[in-house]
Amino acid sequence: MRMAKKLDLERILSKQGFGSRKLCRIMIINEEITVNGLICDDPSTEFELENLKFTVKGQTWEYREKSYLMMHKPSNYECSHKTQHHPTIYSLLPHPLVERGVQCIGRLDEDTTGLILISDDGQFIHRMSSPKHKVPKVYEVTCKHPILQTNIHALLSGVKLIDEDETIAALNVTQIGERIIHMTLAEGKYHQVKRMVAAISNRVEALKRIQIGELKLPDNLEIGEWRWLSDEDMIQLGVH
Ligand code: URA
């Protein structure tokens with residue numbers, strides 16, 4: 001029989017990103033924490049981790065060994081922790097998640113919007129970002145000038161990027177409007193979409209990532225919002 005994993009409340013809170021063990025102990029003693037609906041004021045009380053729900057200052061959390069989330073990235077946010085010109089996307093997340101050391105998987109430019117995955121699971125981050133796995137990504141690209149059939153053929157057969165030796169091709173290109181295409185890429189080279197569009201003598205006016213693997217940016221995830229990845233989302237990402 002598998003033994004249920006147990007841990008004391010002080011360690012649980014600290015592991016989940018609510019601060020040092022000392023800080024968590026103080027919150028517990030101050031009766032700021034409920035577990036499965038009841039106040040617990042003893043930091044050494046042990047709880048089973050599976051399906052554990054607790055509240056911190058009135059907000060409910062579920063114990064998660066690792067965090068897996070998606071965000072609808074807004075424009076004018078940077079994907080790094082130490083930003084230069086704009087606020088960081090991590091400022092849109094609850095503080096405990098940032099404390100846990102979550103990282104975004106593949107950066108989007110500050111002016112790019114759309115789907116971004118965020119996690120603190122190193123294996124998952126590697127699985128989703130390693131060039132070996134070639135997880136396809138779909139971008140909605142709005143260009144300055146009309147996109148011609150010859151341009152689409154060029155993107156599909158391969159274009160030469162400045163500073164790259166080999167040509168690079170899109171996996172798929174679908175024309176959505178006179179100036180809008182959906183372009184699927186297998187790699188994530190620096191400014192890849194913008195450079196590929198420049199190679200067809202056009203210019204990106206707006207860029208939005210709308211899909212990673214089979215996972216689409218949900219219509220109901222508003223710009224700037226995030227949510228946990230569900231089991232179904234993980235299947236769409238090819239992780240079972
Ligand atoms: N390609 C780009 O040029 N920019 C992005 O943000 C993502 C892909």
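In this text, all values refer to a predicted model and were calculated from it rather than measured experimentally. Hydrogens, waters and symmetry mates are skipped; everything else that's a heavy atom, side chains included, is used. Remember, it's 1-based here, ligands and their atoms both numbered in the order they're listed.
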Heavy atoms only: give me the nearest His72-Leu221 pair and the separation to one decimal. ND1-O, 2.7 Å
Counting only heavy atoms closer than 4.0 Å, does ligand 1 sit against the backbone of Thr112, its side chain, both, or neither? side chain
At under 4.0 Å between heavy atoms, is it the side chain or the backbone of Val204 that contacts ligand 1, or both, or neither? neither
Under a 3.5 Å cutoff, is there a donor and acceptor pairing between the side chains of [X] and [Y]?
X	Y	value
Thr88	Thr83	no
Ser44	Asp8	no
His86	Glu78	no

Under 3.5 Å between some N or O of ligand 1 and some N or O of [X]?
X	result
Lys194	yes
Arg107	no
Val193	yes

Starting from atom 4 (N) of ligand 1, which protein heavy atom do you reach first, and at what distance in Å? Asp109 OD2, 2.7 Å
Distance under 4.0 Å to a non-hydrogen atom of Gln192: what atoms of ligand 1 satisfy this? 1 (N), 2 (C), 3 (O)
Criterion side chain to side chain contact (heavy atoms under 4.5 Å, CB included) against Ile28, the qualifying member of Leu13, Ile39, Asp42: Leu13
Among the heavy atoms of Tyr139, does any lie under 4.0 Å from an atom of ligand 1? yes
Considering residues, nucleotides and ligands other than Asn30, do more than 12 of their heavy atoms fall under 6.0 Å from its CG? yes
